[in-house]
Amino acid sequence: MKRGFRLSRPADFKRVRRLGKSYTHPFVVLVVLTNDATDPPVGSSLRVGVAAGRSVGGAVQRNRAKRVLRAAMQPLLQRIKPGHDLVLIAREAILASSSQQAQGVLERLLQRAKLL
């Protein structure tokens, strides 16, 4: 995922988790919050953060879960409506899935959120 699309500051994650609307699936939780278009870098007002808690597993499993989610999100970035901050929170079940399965799940969650 390109740097311009990343949500990286802990304060941003907390803001999105606290104020955003969540959509759940056994693989992932999607949290969506409308952002201020002047805050992100020029040219992109869509930012995505990926998180995997210790409930997913050890460091190797958490990093794999985040890689799967980033790979699944990459082809969808150009189709998502701008002006939103998204947080993807991995769940343990994602470890048994491929990035193609995760991409299908993300598409459904984004459609439920009316972002595609």
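We count residues from 1, following the sequence as given.
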Would you mind listing every salt bridge (Lys or Arg N to Asp or Glu O under 4.0 Å) that reaches into residues 105-116, with sequence neighbours excluded?
Arg79-Glu107
Got a sec: does the CZ of Arg91 have more than 12 other heavy atoms crowding it under 6.0 Å?
yes
Minimum heavy-atom distance Ala72-Ser99, with the two atoms named:
CB-O, 3.5 Å
Distance from Leu110 atom CG to Leu88 atom CG, nearest 0.5 Å?
8.0 Å
Is there a side-chain contact between Val29 and Tyr23, using heavy atoms and a 4.5 Å cut-off?
no
If I compare all heavy atoms of Ser45 with all of Asn35, which pair ends up nearest, and what's the gap?
O-ND2, 2.7 Å
Verify, without hydrogens or angle tests, whether Gln74 (side chain) and Ala71 (backbone) share a donor-acceptor contact under 3.5 angstrom.
no
How far apart are the closest heavy atoms of Val32 and Ala113, and which atoms are they?
CG2-CB, 4.2 Å
Please tell me if the side chains of Arg54 and Arg62 come closer than 4.5 Å, counting only heavy atoms from C-beta onward.
yes
Has Arg64 got a side-chain atom pairing as donor or acceptor with Leu95's backbone, closer than 3.5 angstrom?
yes
For Leu33, enumerate each residue passing the side chain to side chain contact (heavy atoms under 4.5 Å, CB included) test, keeping only those at least two apart in sequence or located in another chain.
Arg15, Val16, Leu19
Reported CD-to-CD distance for the pair Gln103 and Gln100, which is rounded to 0.5 angstrom:
7.5 Å
Output for pair (His84 NE2, Leu46 CG), nearest 0.5 Å, gives 8.5 Å
Do Val56 and Val31 share a hydrophobic cluster (ILVMFWY, side-chain heavy atoms under 4.5 Å, transitive)?
no
Looking at side-chain heavy atoms only, is the closest gap between Leu30 and Leu106 below 4.5 Å?
no
Side chain proximity check, Leu86 to Arg47, heavy atoms < 4.5 angstrom:
no
I need the minimum non-hydrogen distance between Val50 and Phe13, along with the two atoms involved.
N-CZ, 3.9 Å
Tightest non-hydrogen contact, residues Val68 and Ser97, listed as CG1-OG, 4.4 Å
Does Glu92, at its CD atom, have more than 12 non-hydrogen atoms belonging to other residues, nucleotides or ligands within less than 6.0 Å?
no
Decide side chain to side chain contact (heavy atoms under 4.5 Å, CB included) for Leu69 and Ile94; before the verdict, give the C-alpha distance in whole Å, the side-chain angles of both, and the deciding distance to 0.1 Å.
CA-CA 9 Å; Leu69 285 176; Ile94 198 160; 3.3 Å; yes
Within the structure provided, determine whether Asp85 and Asp12 are in side-chain contact (heavy-atom separation under 4.5 Å).
no
